[in-house]
K.L.:
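Shown below is the structure under consideration.
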Amino acid sequence: MKYALVTGGSRGIGRAACVRLAQMGYHILVNYVNKTDAAEETLELVRQEGQDGELLKFDVSNLEQTRGAIEAWQQAHPDEYIEVLVNNAGIRRDNLMALMPAEDWTTVLQITLNGFYNVTQPILPAMQLHKFGRIINMASLSGLKGLPGQTNYSAAKGGIIGATKALAQEVARRNITVNAIAPGFIKTDMVDGLDEAALKKTIPANRFGKPEEVASLVGYLASPEAGYITGNVISINGGLYT
Ligand code: NAD
């Protein structure tokens, strides 16, 4: 059995990634933090693809909780390991820097950047031992270009891009690839409240992207065919950024 863990798998891009990886034959570990119903729905979609999976509840920003859940899973599956890790969990708390409460700065960094450490660090040794792994980090256009009103989010996603490039070089010899995906505007709960009609005029493709389009890229980066792509950031943004 091949295992893939998707953080923040209960909805949006994470859910679509779970379904795509299930189509590729993976047993899916759906991480979620509080909405059990939504995570169960993802699992149901995974089962409709003829695969199975399980729910792993932990808050990626909480080191103890995350490590505890991953170690418990590893102890329960001594002969198995997580071959594909999608670090997808993330939030945004937009504000101009001059008005940004410290909590909004810290929380966004805790979930995106510390979350990357908290999940990846305990999973990496088994990938190294088995000499195969795929780590896919959900960055953002905001982390490449910087977006006003998102200093916290741009810093977190920019940090993820740096971490992706560094880790890729540490583990390449072990057949482990580490890449980041930088989506533009994708139609999920995260963009609720944005003025889609106005924003899409700024996008050459004249529309927001779909979670499934990002998930296809996740699937490609997870595949054996993508073994020579590592340390990269791949944009998926309808031509918005070059
Ligand atoms: P979303 O809000 O629908 O999904 C975010 C997921 O992360 C949810 O499942 C949520 O429960 C989970 N999550 C949040 N905090 C968590 C925590 N502490 N522990 C575990 N899970 C947690 O939004 P989405 O668009 O599907 O976002 C997925 C990823 O894509 C995020 O990293 C986001 O920053 C990135 N992204 C999204 C867009 C976009 O336009 N939607 C653009 C660029 C990047």
Side-chain angles (χ1 to χ4, degrees), residues 5-20 29-43 45 55-70 85-94 104 106-120 136-147 150 152-161 163-164 180-196 199-200 202-203 205 207-215 217-218 233-238 240-241:
L5 168 63
V6 180
T7 68
S10 59
R11 62 173 197 245
I13 294 170
R15 170 179 284 178
C18 289
V19 172
R20 181 72 194 104
L29 311 180
V30 183
N31 160 252
Y32 73 106
V33 66
N34 48 33
K35 292 194 179 136
T36 311
D37 287 2
E40 293 278 9
E41 275 174 43
T42 299
L43 204 48
L45 293 170
L55 302 186
L56 273 194
K57 181 174 176 162
F58 57 87
D59 174 345
V60 298
S61 69
N62 183 320
L63 176 62
E64 226 168 81
Q65 226 183 73
T66 302
R67 210 174 265 274
I70 292 169
L85 165 62
V86 185
N87 283 306
N88 166 77
I91 61 159
R92 65 180 181 95
R93 292 267 175 88
D94 298 353
D104 287 358
T106 313
T107 307
V108 167
L109 279 147
Q110 285 275 8
I111 293 176
T112 294
L113 205 47
N114 293 8
F116 163 79
Y117 170 83
N118 296 343
V119 179
T120 308
I136 299 154
N137 301 318
M138 215 45 79
S140 170
L141 168 69
S142 189
L144 282 170
K145 173 177 193 270
L147 289 178
Q150 291 199 322
N152 50 357
Y153 187 80
S154 296
K157 295 301 194 184
I160 279 291
I161 289 170
T164 298
I181 294 177
F185 292 102
I186 308 299
K187 226 170 151 39
T188 67
D189 290 358
M190 187 167 276
V191 298
D192 273 358
L194 298 186
D195 185 346
E196 184 175 343
L199 283 168
K200 76 179 191 182
T202 68
I203 304 170
R207 66 173 177 88
F208 280 15
K210 298 179 205 151
E212 293 74 19
E213 290 173 313
V214 181
L217 183 52
V218 170
V233 189
I234 302 182
S235 289
I236 176 159
N237 57 29
L240 183 59
Y241 173 82

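Whatever order the structure lists them in is the order used to number ligands and atoms, beginning at 1. Along the sequence shown, residues carry numbers from 1. These figures come from a predicted structure and were not determined experimentally. All values below were derived from every heavy atom in this structure, side-chain atoms included, with hydrogens, water molecules and symmetry-related copies excluded.
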K.L.:
Do N31 and K57 come within less than 4.5 Å of each other through their side chains, counting heavy atoms only?
P.N.:
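No - every pair of side-chain heavy atoms lies 4.5 Å or more apart.
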K.L.:
For residues V19 and E212, determine if any side-chain heavy atom of one lies less than 4.5 Å from a side-chain heavy atom of the other.
P.N.:
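No, their side chains stay 4.5 Å or more apart.
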K.L.:
Any donor and acceptor pair, going by atom type alone, linking the side chain of N87 with main-chain N or O of F116 inside 3.5 Å?
P.N.:
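No, because the side chain of N87 does not come within donor-acceptor range (under 3.5 Å) of the backbone of F116.
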K.L.:
Is it true that Y153 lies under 4.0 Å from ligand 1, counting heavy atoms only?
P.N.:
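So Y153 counts as touching ligand 1.
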K.L.:
So, does A16 sit close enough to ligand 1 that a heavy atom of it is under 4.0 Å from the ligand?
P.N.:
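Contact absent.
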K.L.:
Return the minimal non-hydrogen interatomic distance between L141 and G184, and the atom names on each side.
P.N.:
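The answer is CB-CA, 4.2 Å.
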K.L.:
Go through ligand 1 atom by atom and flag the ones less than 4.0 Å from a non-hydrogen atom of K157.
P.N.:
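Going through ligand 1 atom by atom, the ones under 4.0 Å from K157 are 31 (C), 32 (O), 33 (C), 34 (O).
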K.L.:
Out of P183, S140, G90, whose heavy atom is nearest to atom 5 (C) of ligand 1?
P.N.:
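Nearest option to atom 5 (C) of ligand 1, by heavy atoms: G90.
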K.L.:
Just to confirm my output: which protein heavy-atom neighbour is closest to atom 1 (P) of ligand 1, and how far is it?
P.N.:
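Checking every protein heavy atom, the shortest distance to atom 1 (P) of ligand 1 gives R11 NE, 3.4 Å.
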K.L.:
With salt bridge (Lys or Arg N to Asp or Glu O under 4.0 Å) as the criterion, how do D94 and R92 come out once you've worked through the C-alpha distance, each side chain's angles and the decisive distance to 0.1 Å?
P.N.:
CA-CA 6 Å; D94 298 353; R92 65 180 181 95; 2.4 Å; yes
K.L.:
Walk me through whether V191 and F208 qualify under side chain to side chain contact (heavy atoms under 4.5 Å, CB included).
P.N.:
CA-CA 10 Å; V191 298; F208 280 15; 4.0 Å; yes
K.L.:
Look at atom 26 (O) of ligand 1 and say which protein heavy atom is nearest, naming residue and atom and giving the distance to 0.1 Å.
P.N.:
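Answer for atom 26 (O) of ligand 1: I13 N, 2.8 Å.
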K.L.:
Under 3.5 Å, is there a donor-acceptor pair linking the side chains of S61 and N118?
P.N.:
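N118 and S61 do not have a side-chain donor-acceptor pair below 3.5 Å.
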K.L.:
I'd like to check whether S61 has a polar contact with ligand 1, where a contact means an N/O of the residue lying under 3.5 Å from an N/O of the ligand.
P.N.:
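Between S61 and ligand 1, no N or O pair is found under 3.5 Å apart.
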K.L.:
Could you please spell out the steps behind the side chain to side chain contact (heavy atoms under 4.5 Å, CB included) verdict for R93 and Q150?
P.N.:
CA-CA 8 Å; R93 292 267 175 88; Q150 291 199 322; over 6 Å; no
K.L.:
Going by distance alone, is a donor N or O of one side chain under 3.5 Å from an acceptor N or O of the other, for S10 and T42?
P.N.:
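Result is no, nothing qualifies.
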K.L.:
For ligand 1, is any non-hydrogen atom under 4.0 Å from N31's backbone (N, CA, C, O), its side chain (CB onward), both, or neither?
P.N.:
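The side chain, only.
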K.L.:
May I ask you to identify the nearest protein heavy atom to atom 27 (O) of ligand 1, giving residue, atom name and distance to one decimal place in Å?
P.N.:
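The answer is M190 CE, 4.0 Å.
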K.L.:
Tell me which part of T188 gets within contact of ligand 1: side chain, backbone, both or neither, using heavy atoms under 4.0 Å.
P.N.:
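The part of T188 near ligand 1 is the side chain, not the backbone.
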K.L.:
Identify the protein heavy atom lying closest to atom 19 (N) of ligand 1, giving its residue, its atom name and the separation to 0.1 Å.
P.N.:
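Answer, as residue, atom name and distance: V60 N, 3.0 Å.
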K.L.:
Report the nearest protein non-hydrogen atom to atom 30 (O) of ligand 1: residue, atom name, distance rounded to 0.1 Å.
P.N.:
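Ranking protein heavy atoms by distance from atom 30 (O) of ligand 1, first comes M138 CG, 3.3 Å.
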K.L.:
In ligand 1, which numbered atoms sit nearer than 4.0 Å to a non-hydrogen atom of G184?
P.N.:
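Near G184, meaning under 4.0 Å from one of its heavy atoms, ligand 1 has 38 (C), 39 (C), 40 (O), 42 (C), 43 (C).
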K.L.:
Side-chain contact, heavy-atom cut-off 4.5 Å: E41 with R11?
P.N.:
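No, too far: nothing below the 4.5 Å cut-off.
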K.L.:
Could you tell me if the side chain of F58 sits less than 4.5 Å from the side chain of V33, heavy atoms only?
P.N.:
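Not in contact.
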K.L.:
Check A17 against A215 and note the closest heavy-atom contact, atom names and distance.
P.N.:
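Shortest heavy-atom contact: N-CB, 3.7 Å.
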K.L.:
Quick check on side-chain contact (heavy atoms from CB on, under 4.5 Å): which of V6, V30, T66, L5 does L56 satisfy it with?
P.N.:
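The side-chain contact (heavy atoms from CB on, under 4.5 Å) with L56 is passed solely by L5 among V6, V30, T66, L5.
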K.L.:
Who's the nearest protein heavy-atom neighbour of atom 6 (C) of ligand 1, and how far?
P.N.:
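Ranking protein heavy atoms by distance from atom 6 (C) of ligand 1, first comes G8 O, 3.8 Å.
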K.L.:
Below 3.5 angstrom, do we get any N/O pair linking I91 and ligand 1?
P.N.:
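No, no N or O pair falls under 3.5 Å.
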K.L.:
Just distances here: any N/O of G14 and N/O of ligand 1 closer than 3.5 Å?
P.N.:
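Among all N and O atoms of G14, none is under 3.5 Å from an N or O of ligand 1.
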K.L.:
Specify the protein heavy atom at minimum distance from atom 22 (C) of ligand 1: its residue, its atom name, and the distance to 0.1 Å.
P.N.:
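So the nearest neighbour among protein heavy atoms is A89 CB, 3.6 Å.
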K.L.:
May I ask you to check whether N88 has an N/O atom sitting below 3.5 Å from an N/O atom of ligand 1?
P.N.:
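Among all N and O atoms of N88, at least one is under 3.5 Å from an N or O of ligand 1.
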K.L.:
Heavy atom under 4.0 Å from ligand 1: found in I111's side chain, backbone, both, or neither?
P.N.:
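The side chain, only.
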K.L.:
When you measure from the side chain of E213 to the backbone of K210, do you find a donor-acceptor pair of N or O atoms at a distance under 3.5 Å?
P.N.:
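Checking the backbone N and O of K210 against the side chain of E213, a donor-acceptor pair under 3.5 Å is found.
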K.L.:
May I ask you to check whether over 12 heavy atoms, not counting those of D37, lie within 6.0 Å of atom CG?
P.N.:
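Open.
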K.L.:
Report yes or no: does A139 have a heavy atom closer than 4.0 Å to ligand 1?
P.N.:
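Yes.
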K.L.:
Only heavy atoms of F58, strictly under 4.0 Å: list the atoms of ligand 1 that pass.
P.N.:
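Close to F58: 19 (N), 20 (C).
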K.L.:
What protein heavy atom is closest to atom 40 (O) of ligand 1, reported as residue, atom name and distance in Å?
P.N.:
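The closest heavy atom on the protein side is I186 N, 2.8 Å.
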K.L.:
Just to check, does D59 reach to within less than 4.0 Å of ligand 1 when the distance is taken from its heavy atoms?
P.N.:
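Yes, D59 has heavy atoms under 4.0 Å from ligand 1.
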K.L.:
I'd like to know whether ligand 1 has R92 as a neighbour, heavy-atom separation below 4.0 Å.
P.N.:
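The answer is no: ligand 1 sits nowhere under 4.0 Å from a heavy atom of R92.
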K.L.:
Counting both backbone and side chain atoms, is some N or O of V191 under 3.5 Å from an N or O of ligand 1?
P.N.:
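Looking only at distances, the answer is no, because the N/O contact criterion of under 3.5 Å is not met.
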K.L.:
Between ligand 1 and F185, can you find any atom pair, the residue atom being a heavy atom, that is separated by under 4.0 Å?
P.N.:
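Under 4.0 Å: yes for F185.
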